[in-house]
Amino acid sequence: MTREYDFKSIETRWKDHWISTRAYSAPDFPDPDKKAYTLTMYPYPSGDLHMGHVEIFSIHDTIARFARMGGHQVLNPIGWDAFGLPAENAAIQRGIDPKKWTYDNIAMHRASMEQLGCSFDWDRVVITCDPDYYKWNQWFFLRFYERGLAYRKAAPANWCPKDKTVLANEQVVDGRCERCGTLVEKRNLTQWFFKITDYADRLLDDMALNTGWNDRLRMLQRNWIGRSHGAEVEFELEGAKYPVTIFTTRPDTLWGATFFVIAPEHPLVDELVRGTGREQELAEFRREVDSLTEIDRTSTERAKKGMFLGRSAINPVNGENMPVWIADYVLMDYGTGAIMAVPAHDQRDFEFARSHDLEIRPVIRPPQGTEPDGASMTEAYVGPGTLVNSGPFDGTSTESSVEEVTRWLESEGRGRAAKNFRIRDWLISRQRYWGTPIPMIYCEDHGEVPVPDADLPVVLPEDIDFTPSDEASPLANAHEWVTVPCPVCGKPARRDTDTMDTFVDSSWYYHRYLDPHNDEMPFDPEKSARWMPMDQYTGGIEHAVLHLIYARFVQKVLVDMGMAKDPEPFPNLLNHGIVTMGGKRMSKSRGNIVEPLEAFDLYGADALRLYMLFSGPPEAPFDWPAEGVAAIGNVTAPWLQRVWRLCEENRDVVHVGELNQGPAEHALRKHIHRTVKIVTDDYRSFSFNTAIARLMELVNQAYRYKKVGGNHPEVMSELVVTVLKLLAPMAPYLTEEQWHRLGHESSIHETPWPDFDPSLAALDEVTLVVQINGKVRDTMQVPPGLTEEELVTRALVSEKVQKYLDGKDPSKTIVRPPGLVSFVVG
RNA sequence: GGGCGAGUGGUGGAAUGGCAGACACGCUGGCUUCAGGUGCCAGUGCGCGCAAGCGUGUGGGGGUUCAAAUCCCCCCUCGCCCACCA
């Protein structure tokens with residue numbers, strides 16, 4: 001009796017069963033040879049799950065379940081990135097308690113994850129807004145402070161006027177706030193930083209250890225860290241007490257330096273201008289620069305503005321005087337904020353020299369042609385060549401000149417080899433409420449005093465007015481909380497009222513899963529070492545320069561603290577593409593949301609999972625078709641029905657007697673074993689769409705076999721069991737249900753992955769393709785394993801081939817076993 | 001301005017030097033059905049042809065090769081990253 005595939009009751013039943021039996025709980029101490037730590041980036045709980053989550057969870061859960069069936073002990077935890085602005089904004093706009101809002105959303109998320117069939121270990125949930133978690137953010141902050149890796153400084157910071165908080169450089173995209181798109185302003189503020197720049201070299205060099213990263217991600221990080229090699233050179237400046245250091249990647253062009261430029265904000269500028277009578281002019285120039293937005297200021301389209309300071313600098317290589325300028329194209333926060341200008345060989349300097357009538361002196365002669373002439377050049381020459389007008393280095397090739405000049409500078413005591421980085425220290429202070437309080441106290445007598453470990457956590461006060469303002473952080477409104485005795489002297493002091501960037505939370509959470517209930521330490525390094533490094537991480541490419549760079553940095557600090565052993569935490573990372581509809585990110589205001597709940601209701605979790613997996617490779621972006629959820633009803637839902645019926649119709653087949661196979665059975669068995677081989681490879685390379693395609697072919701073949709009267713019990717039994725197992729990681733519910741209907745007591749997800757018999761998986765004929773002059777002229781079926789001579793003989797038998805050869809002998813014959821012969825004739 | 005990636009039927013995609021379009025969706029026709037839906041079967045890149053077949057075809061142009069979606073050069077389009085980065 002065939003029963004309908006009632007996915008609703010099946011999915012609900014198994015979901016509850018897996019939860020109540022804690023089916024996916026992992027041990028603390030796994031067998032080192034069998035452990036597999038699979039993780040997906042924890043979500044931010046703003047509302048319920050959306051289709052982007054569904055895609056990543058479908059991919060990720062398939063990977064975790066495949067590892068489990070492959071005989072691994074799998075740790076597959078989940079948690080929530082629960083601090084952050086959306087909770088606070090919901091609170092401000094709708095008067096909801098941010099904590100309640102967050103936990104309500106987490107509950108919705110969790111229900112949807114369970115419904116989707118995610119094999120998470122629910123005993124290890126980590127929620128970052130829980131004091132048991134953020135206590136350890138504070139503990140790490142104090143350890144960083146002790147190691148000189150957390151420091152406070154006044155600096156121009158990126159300020160988002162809408163969110164009313166500062167942002168890290170990584171959170172500013174094209175001069176705008178990454179979250180809300182508002183133009184970012186610069187503000188001078190005293191803020192806490194983590195010294196990620198100390199780790200810049202290691203962050204770059206250790207990337208080689210991340211063998212399971214794609215090139216795109218590597219490149220994004222490399223660009224962001226932005227290491228360049230060159231030299232630091234010291235210049236004496238008239239009117240300055242100390243020499244000024246510049247960084248250049250082209251020390252070999254030093255003899256072509258004809259002026260010196262400093263950033264307008266450089267602290268030295270006031271000192272230099274004092275007494276030159278140009279103070280008024282300077283103030284005006286700065287006002288003009290200040291009035292520009294960051295976007296305008298850094299636009300290469302704009303003409304470069306500058307002002308002569310009335311001072312000169314001495315070129316250390318030849319003692320020449322060069323005029324000192326300030327110009328808006330020199331940036332305070334890159335390099336040293338000062339440059340030597342070589343207009344003949346740098347396009348920016350060239351443009352500036354032309355518009356301000358400064359000398360252009362070529363010092364590189366191109367390999368061909370003549371020495372450029374400064375007066376007639378139309379653009380800077382940046383190519384290779386031979387040094388000229390360069391004192392002792394005349395005649396040196398640019399291939400070696402950078403190195404040689406640097407050595408010379410070092411021996412003369414005028415400079416040294418240097419590296420420069422684009423990456424800035426990580427600004428972690430936020431002037432917002434819903435985050436980890438920074439555990440520092442400011443005392444009139446003792447300055448900044450760390451909160452003693454014994455007083456952790458510094459708990460976020462509740463019931464305060466958290467409306468943000470331009471003047472103070474919301475926590476400043478918690479007057480009773482702010483005022484605290486100084487840990488040193490006991491006199492009244494004030495707490496830091498800023499909270500930490502939420503990326504601090506996510507930079508070490510993957511260790512907390514390994515010891516989630518520890519109240520003595522953030523995690524026991526022993527326990528962590530049993531599961532780390534992570535075996536497979538999955539997440540979005542949008543975190544390429546945010547989470548992934550911060551977490552790698554913190555991991556390296558953990559190594560230095562002796563709390564971790566692996567320099568790289570995530571050697572294998574799978575990036576999934578973004579999910580859109582009509583090419584646009586789904587959002588309520590656009591009305592282009594495809595709802596997971598509707599999909600669960602109409603087609604079931606298995607059909608939804610399978611649909612996401614079948615739509616293309618995991619890395620590719622995924623654009624929902626216009627029909628929305630209904631697409632599932634056309635694609636994977638009917639196919640699952642087909643699988644269901646196949647199982648039901650063959651449920652009663654049992655092993656009976658000898659395996660007397662006819663040719664049809666033999667062909668079908670071969671198909672089964674070939675499918676196991678190919679689908680297993682597809683799983684390993686995350687090619688789930690083709691794995692599903694191969695399973696569809698096998699199921700089609702089974703229906704065809706039955707249609708012609710095939711009914712061999714053993715072969716059909718093997719087929720049904722194999723299809724169920726190969727499908728189990730992707731469609732966990734249907735396969736579990738059918739597994740039990742076949743009479744098994746235990747879960748299909750705990751059974752071993754199927755093996756294949758290589759002799760059955762091998763093809764027993766191959767298609768021989770015969771080409772003449774590069775065109776396919778005939779194909780024929782031949783046994784595998786023929787020698788090259790035999791293949792040629794077979795090819796020549798063909799009438800079509802003979803027709804195209806037209807009696808001529810091939811002038812060339814190429815044979816590529818197992819199935820290609822190519823003739824070339826006259 | 002620099003760098004990286006992509007461009008294949010009506011659609012999602014497959015093939016990474018060796019039969020282009022696997023597997024699906026859609027569409028067309030047929031069977032089942034009172035009908036709709038479901039289910040099942042067949043066809044489906046384009047051109048000519050009743051068909052067998054022939055030609056043609058992976059953004060455009062050129063090249064390498066017996067053989068190119070795949071490798072190389074130029075161009076176009078789209079996406080992403082970096083960007084007055086010294």
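The sequence lines fix the lettering, A, B, ..., with proteins before strands; numbering per chain opens at 1. If you're wondering where the values come from, they're calculated on a predicted model, not measured in any experiment.
- A:Gly774 comes within contact range of the sugar-phosphate backbone alone, with a heavy-atom separation under 4.0 Å but no base atom that close.
- A:Asn169 places its CG atom 13 Å from the C1' atom of B:C85, with the value rounded to the nearest Å.
- Counting atom types as modelled, A:Gln771 pairs a side-chain N or O with a base atom of B:G18 as donor and acceptor under 3.5 Å.
- Using P as the reference atom, B:G17 and B:A69 are 13 Å apart when rounded to the nearest Å.
- For A:Met696, whose side chain is taken as the heavy atoms from C-beta onward, the closest listed nucleotide among B:C41, B:A86, B:C23 is B:C23.
- The C1' atoms of B:A24 and B:C34 are separated by 33 Å, rounded to the nearest whole Å.
- In this structure, of B:C81, B:A20, B:A86, it is B:C81 that holds the atom nearest to the side chain of A:Leu220.
- At least one cation-pi condition fails for A:Lys304 and A:Phe352: the charged atom is not both under 6.0 angstrom from the six-membered ring centre and inside a 45 degree cone around its axis.
- Annotation: of the two residues near RNA chain B, A:Tyr334 and A:Asn773, the 5′-most nearest-nucleotide partner is A:Asn773.
- Which of B:G13, B:C40, B:C23 sits closest to the side chain of A:Pro617 comes down to B:G13.
- Among the atoms of the strands shown, base atoms are found under 4.0 Å from some heavy atom of A:Leu331.
- Put simply, A:Arg777 has no side-chain N or O that comes within less than 4.0 Å of OP1 or OP2 on B:C19.
- Rounding to whole angstrom units, CD of residue A:Glu619 and P of B:G12 are separated by 18 Å.
- When the nucleotides B:G26, B:G18, B:C4 are ranked by their closest atom to the side chain of A:Met219, B:C4 comes out on top.
- A straight line from NE2 of A:His543 to P of B:C81 spans 14 Å, rounded to a whole angstrom.
- Residue A:Val824 is classed as a sugar-phosphate contact, given heavy-atom separations below 4.0 Å to backbone atoms only.
- With no hydrogens or angles considered, no side-chain donor-acceptor pair links A:Ser228 and A:Asn420 at under 3.5 Å.
- Residue A:Val330 is classed as a base contact, given a heavy-atom separation below 4.0 Å to a base.
- Across all strands shown, B:C84 forms no Watson-Crick or G-U wobble pair with both distances under 3.5 Å.
- Nearest to the side-chain atoms of A:Tyr329 among the listed nucleotides B:C84, B:G12, B:C82 stands B:C84.
- To the nearest whole angstrom, the two P atoms, one in B:C80 and one in B:C85, are 22 Å apart.
- How far CZ of A:Phe421 is from CZ of A:Phe247: 9.5 Å, rounded to the nearest 0.5 Å.
- B:G7 and B:G21 are spaced 16 Å apart, taking the C1' atom of each and rounding to whole Å.
- Inspection of the A:Thr787 and A:Glu790 side chains reveals an N or O donor paired with an N or O acceptor under 3.5 Å.
- A side-chain contact (heavy atoms from CB on, under 4.5 Å) with A:Ile339 is found for one member of A:Asp346, A:Val330, A:Leu331 and no other, namely A:Val330.
- Atom pair A:Tyr611:OH and B:C23:P shows a separation of 19 Å (rounding to whole Å applied).
- Residue-level contact check: A:Pro625 touches neither bases nor backbone, having no heavy atom under 4.0 Å from any strand.
- Note that A:Arg645 lies outside the cation-pi zone of A:Tyr5, set by a 6.0 Å cut-off to the ring centre and a 45° limit from the axis.
- With respect to the salt-bridge test (charged N to carboxylate O, under 4.0 angstrom), the residues A:Arg609 and A:Glu55 do not qualify.
- Among the heavy atoms of the strands lying under 4.0 Å from A:Pro638 are primed sugar atoms or P, OP1, OP2 only; no base atom is included.
- Evaluation of atom-type donor-acceptor distances gives a pair under 3.5 Å for the side chain of A:Thr767 against the base of B:C19.
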Exercise for the section: May I have the step-by-step check of salt bridge (charged side-chain N to carboxylate O under 4.0 Å, His left out) for A:Arg694 and A:Asp682, ending in yes or no? Expected result: CA-CA 10 Å; A:Arg694 298 292 87 81; A:Asp682 282 347; 5.1 Å; no
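- Nearest nucleotide to the side chain of A:Asn700, out of B:G26, B:A86, B:C23: B:C23.
- Checked against B:C85, B:A86, B:C19, the side chain of A:Ile339 finds its nearest nucleotide in B:A86.
- Taking the C1' atoms as reference points, B:U70 lies 10 Å from B:U58, given to the whole Å.
- Listed nucleotides: B:A86, B:G12, B:C66. Nearest to the side chain of A:Phe614: B:G12.
- Nucleotides B:U44 and B:C23 are separated by 15 Å at their C1' atoms, to the nearest Å.
- Between A:Leu695 atom CG and B:A24 atom P there is a gap of 11 Å when expressed in whole angstrom units.
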Practice task
Test A:Arg354 against A:Glu379 for salt bridge (charged side-chain N to carboxylate O under 4.0 Å, His left out), laying out the working first.
Solution key: CA-CA 10 Å; A:Arg354 273 280 181 271; A:Glu379 58 178 8; over 6 Å; no
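- Note on ring orientation: taking the six-membered ring where Trp is involved, the planes of A:His547 and A:His543 are perpendicular (angle over 60°, cut-offs 30° and 60°).
- Side chain of A:Val635, nearest nucleotide from B:C82, B:A14, B:C25: B:C25.
- For B:C84, neither phosphate oxygen OP1 nor OP2 lies less than 4.0 angstrom from any side-chain nitrogen or oxygen of A:Lys304.
- In this structure, B:G37 makes no Watson-Crick or G-U wobble pair, since no nucleotide meets both defining distances under 3.5 angstrom.
- If you measure from atom CD of A:Gln221 to atom P of B:C82, you get 12 Å, rounded to the nearest angstrom.
- At a threshold of 4.0 angstrom between heavy atoms, the contacts of A:Thr248 are confined to the sugar-phosphate backbone, with no base atom among them.
- Along RNA chain B, the nucleotide closest to A:Ile692 and the one closest to A:Lys305 are compared, and the more 5′ of them pairs with A:Ile692.
- On the P atoms, B:A52 is 48 Å away from B:C4, given to the nearest whole Å.
- Applying the 4.0 Å criterion to OP1 and OP2 of B:C4, one finds that A:Arg222 has every side-chain N and O outside that range.
- For the P atom pair drawn from B:C19 and B:C25, the interatomic distance equals 26 Å after rounding to whole Å.
- The shortest distance between the side-chain N/O atoms of A:Asn689 and the OP1/OP2 oxygens of B:A22 is not below 4.0 Å.
- With both pairing distances under 3.5 Å, B:G7 is matched to B:C76 as a Watson-Crick or G-U wobble pair.
- Spacing between atom OH of A:Tyr603 and atom C1' of B:C25 amounts to 14 Å, rounded to whole angstrom units.
- Between the base of B:A22 and the side chain of A:Arg694 there is a donor-acceptor pair shorter than 3.5 Å.
- Base orientation for B:G9: syn, the chi torsion being within 90° of 0.
- Across all strands shown, B:A42 forms a Watson-Crick or G-U wobble pair with B:U28, both key distances being under 3.5 Å.
- Interface remark: the A:Arg816 side chain does form a donor-acceptor pair with the B:G18 base, using a distance-only criterion of under 3.5 Å.
- Taking 4.0 angstrom as the limit, A:Lys775 places a side-chain polar atom (N or O) nearer than this to OP1 or OP2 of B:U56.
- When distances run from any side-chain atom of A:Ile814 to the nucleotides B:C23, B:C84, B:G18, the shortest one goes to B:G18.
- Residue-level contact check: A:Trp224 touches the backbone only, with heavy atoms under 4.0 Å from sugar-phosphate atoms and none from bases.
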